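Below is one structure, written out as structure tokens; the observations come after it.
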Amino acid sequence: MQKSFPLTKAQLESLIKIYPTPFHLYDEATIRRNINRLKAAFDWVADFREYFAVKACPNPAIVKVLADEGAGTDCSSLAELIISERAGVIGEKIMLTSNDTPADEFIKARQLGAIINLDDITHVEFLDQCAGMPDCLSFRYNPADIMNDGNDIIGRPAEAKYGLTRAQLFDAYQLALDKGVKRFGLHTMIVSNELETAAFVRTAEIMFELAIEIKDRLGIKVEFINLGGGIGLPYTLEQKPVDLKAVGQGIRAKYDDILRAAAMEPALAFESGRAMTGDAGWLVSTVLHKKETYKNYVGLDACMANLMRPALYGAYHHITIAGKENAPLDHVYDVTGSLCENNDKFAINRRLPQIDRGDVVIIHDAGAHGHAMGFNYNGKLRSAELLLKTDGTVEMIRRAETLDDYFATLKF
Ligand SMILES: *Cc1c(COP(=O)(O)O)cnc(C)c1O
């Protein structure tokens, strides 16, 4: 399999004349394709929802593209709530799924009419005191009680800070009922960057059975079940993309067997970030230097400030060189940024074509948790974000930071 890039070398070169590298480029058509594939896989649910995880690509222009395809937003901070609001996504199109939540987030979420998804039983009282009880409330379940052996496909929820225990969950729904809440949802987020169909189907099965237990014990029929994010991306050429059709059909079978059989037909939701924008974004950068010491280095004008995943997680991001897509991979390089941090590398021992100074390096699958994770260590500035629209034009949807931005918060 090959990784694609939406511009020819000539188009890219003229773009760079207007917007110097580094920058993130997003492709609207790919984003639309991604959400439509997800919707198609769940077209058998009467009410299917995607709440786009804003943290993956927190730009109102991107939120708008997804909203145009029917998506809402999953927000976990005040800024993300405001991004959603500015993009015109308000009311129950927003799901607030934060943890360790400050009062101002609850207040803003209530003002916007968002669905609030609580991460802890103590937050019922906290929410009531700071913002008042909403009509509709959701709780985040941590399934460590049934997945504590660590060899489940899904991982080790007991080590995760998120969510309520099973026992707390029932108490929390009861408490909310007592406080006058009328409509309920159920949420979990178990998997992360997951590619296997079985993991999603298992998550759904656990949640559907839990919904039945909630109905049986408390008489609450949850209106929606949110399966969280975590739909993965094939970052390497060897990995296979998630088979969304198979995921949809696998979950459908559980939905029929467990929920429909008990006369429940709740809405189903995902709050996918990566699968919406990940492969729709590229970090474009220019080779500043080549260095040959104990290893061969290629130094870029981008650094960890623009894409942190390789340094933070050792994550693989595929790299191609504009115009050398078909050249033999007969060189081995470490591709670095300029931070005074030895882990500021986009690739280590990567087989690549012969690279020269001035070459344009394309780092793939950077559209989720890419620019968003940027930071200012070493005084490095975050890049611009560009959106390639379906009509072929390119719009700058965030300018690059300047030194004035960097100095704006300093007092001396
Ligand atoms: C990060 C996050 C998501 C999105 O995860 P992806 O891997 O980008 O799909 C969704 N929900 C919650 C609560 C999250 O923390």
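These numbers were taken from a predicted model, which means no experiment stands behind them. Remember, it's 1-based here, ligands and their atoms both numbered in the order they're listed. Each residue takes its place number in the sequence, starting with 1.
Distance alone, capped at 3.5 Å, is enough to place a donor-acceptor pair between the T188 side chain and the Y141 backbone.
In this structure, R49 fails the cation-pi test against F42, since its NZ or CZ atom is not both closer than 6.0 Å to the six-membered ring centre and inside 45 degrees of the ring normal. Figure legend: R260 and Y255 shown without cation-pi pairing, the cationic atom not lying both under 6.0 angstrom from the six-membered ring centre and within 45 degrees of its axis.
The shortest separation from a heavy atom of M276 to ligand 1 is not under 4.0 Å, leaving the residue out of contact. Heavy-atom separations between N193 and ligand 1 are all 4.0 Å or longer.
Near G229, the atoms of ligand 1 lying under 4.0 angstrom from a non-hydrogen atom of the residue are 9 (O), 10 (C). Of all atoms in ligand 1, numbered sequentially from 1 with element shown, those under 4.0 Å from a heavy atom of D74 are 10 (C), 11 (N), 12 (C). Short contacts between ligand 1 and H369, defined as distances under 4.0 Å to a heavy atom of the residue, involve ligand atoms 6 (P), 8 (O). Below 4.0 Å from some heavy atom of S272 lie the following atoms of ligand 1, by number and element: 9 (O). Of all atoms in ligand 1, numbered sequentially from 1 with element shown, those under 4.0 Å from a heavy atom of K55 are 1 (C), 2 (C), 3 (C), 14 (C), 15 (O). Using a 4.0 Å cut-off to heavy atoms of T97, the atoms of ligand 1 that qualify are 13 (C).
Protein heavy atom in closest approach to atom 13 (C) of ligand 1: E271 OE2, 3.2 Å. The protein non-hydrogen atom at the shortest distance from atom 7 (O) of ligand 1 is G230 N, 3.5 Å.
Applying the side chain to side chain contact (heavy atoms under 4.5 Å, CB included) test between H24 and each of N306, L386, I363 identifies N306 as the sole match.
The pair R166-E213 meets the salt-bridge criterion, with a side-chain N (NZ, NE, NH1 or NH2) lying under 4.0 Å from an Asp/Glu carboxylate O. With salt bridges taken as basic N to acidic carboxylate O contacts below 4.0 Å, none links E13 and K17.
Within the 4.5 Å cutoff, the side chain of P241 has no heavy atoms near those of the L195 side chain. The shortest distance between side-chain heavy atoms of N349 and D334 falls below 4.5 Å.
When only interatomic distances are considered, the shortest N/O to N/O separation between A56 and ligand 1 does not fall below 3.5 Å.
The part of M189 lying near ligand 1 is the side chain, judged by heavy-atom distances below 4.0 Å. Under 4.0 Å from ligand 1, the heavy atoms of R140 that appear belong solely to its side chain.
Under the salt bridge (Lys or Arg N to Asp or Glu O under 4.0 Å) criterion, K55 pairs with no residue at all, not counting sequence neighbours.
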